[in-house]
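Structure, as structure tokens:
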Amino acid sequence: MSEEKSLNFLEDIIESDLKSGKYKSIVTRFPPEPNGYLHMGHATAICLNFGLTKKYPGYTNLRFDDTNPVTEDTEYVDSIKEDIKWLGFEWKNELYASDYFDNLYQFAITLIKKGLAYVDASTSEEIARLKATPTEAGKASPYRNRSIDENLDLFARMKNGEFADGTRTLRAKIDMSSNNMLMRDPLLYRIKHAHHHRTGDKWCIYPMYDFAHGQSDSIENITHSICTLEFVPHRELYDWLIEKLEIYPSHQYEFARRNLSYTVMSKRKLLQLVNEKHVSGWDDPRMPTISGMRRRGFTPESIRTFCDKVGIAKRENVIDFSLLEFCLREDLNHTALRVMAVLDPIKLVISNYEDDKTEELTSENGPDESLGNRTLPFSKELWIEREDFMEEPAKKWFRLAPGAMVRLKSAYIVKCDSFTKDIEGNVTQINCTYFSESKSGNDTSGLATKGVIHWVSVAHAASAQIRLYDRLFKVENPSSEEGDFKDYINPNSLQIISKHTLSLL
RNA sequence: UGGGUUAUAGUGUAAUGGUAGCACACCAGAUUUUGAUUCUGUUCGUCUAGGUUCGAAUCCUAGUAACCCAACCA
């Protein structure tokens with residue numbers, strides 16, 4: 001099937017792992033934090049993780065990384081599940097990092113007992129100061145050398161709620177002079193007296209990402225834990241914790257996050273757009289969120305194709321939005337039922353057509369025969385698009401102009417005899433004659449036109465409000481421009497047409 | 001100025017020492033009852049400088065550029 005297609009670097013790794021017998025099958029996971037809606041970057045990760053276990057033996061878990069109760073909510077859990085399903089993927093197990101809070105607590109105790117973790121009473125400012133900078137070695141916390149018993153006691157008291165938020169942390173004891181800032185005694189647990197969307201008020205201490213993610217991977221026997229490039233420095237800590245805890249050795253692999261031109265792709269920035277009302281919500285059709293794309297008319301198929309075409313690599317990228325649009329057109333071209341609509345109408349009157357006559361004409365629903373046909377009512381007075389008429393035609397113009405002929409799609413050929421204008425010079429009506437022998441599918445007139453235009457019968461038209469969406473930003477990469485990314489919002493990204501009667505057939 | 005990651009057409013991605021290929025975009029042409037679709041074609045690329053080799057995008061040396069790391073976020 002896709003044998004011609006070369007493998008990406010992750011597939012290379014997996015194939016060699018499978019070939020060498022390191023694994024008989026693989027386990028991946030998609031690990032969203034339920035603190036926002038999924039966007040196209042997530043779509044990449046979803047297609048990657050789920051796609052890998054479609055291609056190779058194994059399965060993929062959905063695991064919510066819910067270790068920060070302050071920002072997380074079940075609203076997001078629900079939207080995330082809906083979006084993954086809509087994209088066409090099924091997870092093996094629905095899991096939560098919070099399912100493992102008891103395990104993680106025991107893991108912490110294990111580290112303390114090994115002398116590899118301690119309770120720090122420094123403030124966050126002190127901790128930051130002692131960590132120093134990447135070019136300058138850090139210094140040890142004054143609490144670094146407490147006894148194991150003391151640490152065990154303090155950690156239990158942290159858990160029991162004896163301390164206020166921010167007054168104690170559990171830190172791994174690694175290397176304050178490491179070049180990797182994450183190895184300078186990283187925080188493992190912090191105190192947050194906050195209600196958790198799943199564990200309620202059971203806990204007032206919560207594990208940090210680094211002490212939850214890798215451990216959850218390990219508990220689930222994840223073979224290939226795939227994340228984005230900014231987590232590369234975390235891998236050293238990921239491996240350190242697994243080694244010291246002597247648990248299942250999951251491995252982390254990193255790929256470059258996906259960027260799309262003329263939009264932004266960070267949850268923080270998307271949240272700003274929502275909160276500051278630059279868009280109507282997470283699912284605004286201009287948003288690069290899955291739910292926004294869905295409202296915009298993108299199909300799951302088109303998004304999957306897009307992810308597949310773009311591929312996976314490790315270098316920074318900004319992908320042309322036009323590739324995504326291409327994938328959508330390719331899909332829609334074969335599946336979308338066509339209708340005719342006139343957005344900016346001018347009345348066209350056929351002088352030699354009977355006043356009260358209505359004809360039922362047949363029109364194809366699309367280029368593929370399987371889409372079938374529909375009937376269209378045709379009559380003396382029609383709406384046509386204002387831009388399909390030119391008073392003084394340009395050079396290669398082959399639509400309507402004074403004296404010119406044009407085919408009305410699926411109907412007759414008409415010839416423009418005259419037109420009227422208002423005081424301001426706007427064309428108000430076009431008068432035509434039609435050729436009765438030129439009926440579409442039954443044309444014996446011998447006439448030929450180069451142009452074909454769409455139309456809608458005035459008497460039969462339905463009205464609608466039309467929203468025309470354009471790109472949300474004026475520049476290709478708003479995040480890399482000077483100043484605030486919001487300075488580059490396209491003021492014309494939404495155009496609502498409702499002042500005229502819009503016609504739809 | 002420490003460490004890490006990455007450099008191939010405008011964009012994205014292949015080529016694993018042996019003809020730099022594919023897709024999108026662009027431009028041109030043909031067909032067309034939606035200036036769509038479809039089809040054909042043109043232009044355009046290995047970050048730089050040295051080196052190894054019969055042969056280098058690939059290996060070596062030295063540079064350069066971009067991104068990431070100093071959250072009790074993930």
Side-chain angles (χ1 to χ4, degrees), chain A residues 4-8 12 31-33 35-36 65-68 70-72 97 120 122-124 127-138 165-171 177-184 186-192 205-206 208-210 212-213 227-236 254 256-259 261 267-268 306 309-327 329-330 333-334 338 340 363-364 366-368 385 388 396-399 406-411 413 438 440-441 443 448-455 476 480:
Chain A
E4 308 263 322
K5 211 182 168 222
S6 53
L7 304 177
N8 65 47
D12 274 336
E33 185 190 11
N35 69 345
D65 234 332
D66 56 349
T67 57
N68 186 1
V70 179
T71 58
E72 295 155 7
D120 198 339
S122 306
T123 64
S124 62
I127 290 174
R129 189 172 51 79
L130 290 170
K131 267 193 188 172
T133 64
T135 54
E136 179 192 349
D165 288 7
T167 58
R168 300 288 188 291
T169 56
L170 183 73
R171 298 179 68 182
S177 62
S178 172
N179 282 323
N180 184 348
M181 296 300 287
L182 284 154
M183 298 300 275
R184 322 247 265 225
L187 270 61
L188 267 23
Y189 265 96
R190 77 287 216 193
I191 301 172
K192 276 181 195 282
I205 56 171
Y206 292 93
M208 299 287 289
Y209 166 84
D210 286 301
H213 199 101
C227 61
T228 46
L229 238 35
E230 66 267 29
F231 290 95
V232 169
H234 293 251
R235 191 173 64 233
E236 190 180 357
E254 312 86 9
R257 69 181 325 138
R258 179 90 84 235
N259 298 296
S261 61
K267 257 195 242 177
R268 206 193 89 249
F306 170 77
K309 278 187 191 290
V310 169
I312 295 293
K314 298 183 81 160
R315 69 184 87 109
E316 205 187 330
N317 61 76
V318 180
I319 297 151
D320 271 351
F321 203 87
S322 58
L323 178 60
L324 222 192
E325 292 173 331
F326 168 81
C327 294
R329 283 198 207 94
E330 193 178 43
N333 189 37
H334 296 290
R338 269 61 161 183
M340 294 200 278
S363 187
E364 68 279 12
D368 290 13
E385 206 71 67
D388 283 341
K396 280 188 153 184
W397 181 258
F398 48 88
R399 281 174 278 170
V406 74
R407 158 81 62 189
L408 295 170
K409 168 76 180 167
S410 298
I413 291 174
S438 67
S440 186
D443 187 346
T449 63
K450 235 185 161 193
V452 179
I453 65 172
H454 60 267
W455 53 272
E476 270 200 13
S480 70

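Letters go in sequence order (proteins before strands), and every chain restarts at 1.
Within the nucleic acid shown, A:Val70 has no heavy atom closer than 4.0 Å to any nucleic acid atom. Looking at heavy-atom distances under 4.0 Å, A:Ser122 makes contact with a base. Base engagement by A:Phe231 is indicated by at least one non-hydrogen atom pair under 4.0 Å involving a base atom. Residue contacts for A:Thr67: at a heavy-atom cut-off of 4.0 Å it reaches the sugar-phosphate backbone alone, with no base atom in range. A:Gly138 comes within 4.0 angstrom of nothing in the nucleic acid, heavy atoms only. Note on A:Tyr189: nothing from the nucleic acid sits closer than 4.0 angstrom, heavy atoms only.
B:U43 and B:C22 have their P atoms separated by 13 Å, with the value rounded to a whole Å. When the C1' atom is compared between B:A14 and B:A23, the two are found 11 Å apart, to the nearest whole Å. Spacing of P atoms, B:G21 relative to B:C60, comes out at 25 Å, to the nearest Å. Using atom P as the reference point in both B:A30 and B:A36, the two lie 13 Å apart (nearest Å). Spacing between B:A66 and B:U61 at atom C1', rounded to whole Å, works out to 22 Å. Separation of the P atoms belonging to B:A57 and B:U52 is 16 Å when rounded to the nearest angstrom. Look at the C1' atom in both B:G41 and B:C26: the space between them is 14 Å, to the nearest Å. Separating the P atom of B:C69 from that of B:G10 is a span of 29 Å, rounded to the nearest Å.
For A:His234 against B:A74, a side-chain-to-base donor-acceptor contact under 3.5 Å is present. Side-chain atoms of A:Ser440 and base atoms of B:U33 include a donor and an acceptor less than 3.5 Å apart.
Relative to the side chain of A:Glu33, the nucleotides B:A71, B:A74, B:G35 differ in distance, and B:A74 lies closest. In the set B:U5, B:G35, B:C72, the nucleotide with an atom closest to the side chain of A:Val232 is B:U5. For A:Arg315, the side-chain atoms get nearest to B:U6 when compared with the rest of B:U6, B:C73, B:U1. Closest approach to the A:Asp12 side chain among B:U16, B:U34, B:A71 is made by B:U16 (side chain taken as heavy atoms from C-beta onward). For A:Glu316, whose side chain is taken as the heavy atoms from C-beta onward, the closest listed nucleotide among B:A74, B:C72, B:C67 is B:C67. The side chain of A:Glu364 lies closest to B:U33, out of B:G3, B:A74, B:U33. Listed nucleotides B:U34, B:U1, B:A74 differ in distance to A:Val452; the shortest reach to its side chain belongs to B:U34. The side chain of A:Lys409 lies closest to B:U34 when the candidates are B:C69, B:U13, B:U34. Checked against B:C73, B:G12, B:U33, the side chain of A:Val310 finds its nearest nucleotide in B:G12. In this structure, of B:A14, B:U5, B:G3, it is B:U5 that holds the atom nearest to the side chain of A:Leu229.
Judged by closest nucleotide on RNA chain B, A:Ile453 is the one of A:Ile453 and A:Ile191 placed further toward the 5' end.
The distance between atom CZ of A:Arg235 and atom P of B:C68, rounded to the nearest whole Å, is 18 Å. One interatomic measurement links the two molecules: CG of A:Leu187 to P of B:C72, which rounds to 6 Å at whole-angstrom precision. What separates CE of A:Met183 from C1' of B:G3 is a distance of 13 Å, to the nearest Å. Look at CZ on A:Arg399: it is 11 Å from P on B:A36, rounded to the nearest Å.
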Show me the protein contacts with nucleotides 22-25 of chain B, counting only N or O atoms at under 3.5 Å.
none

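Checked against a 6.0 Å centroid threshold, the rings of A:Phe231 and A:His213 do not count as neighbours.
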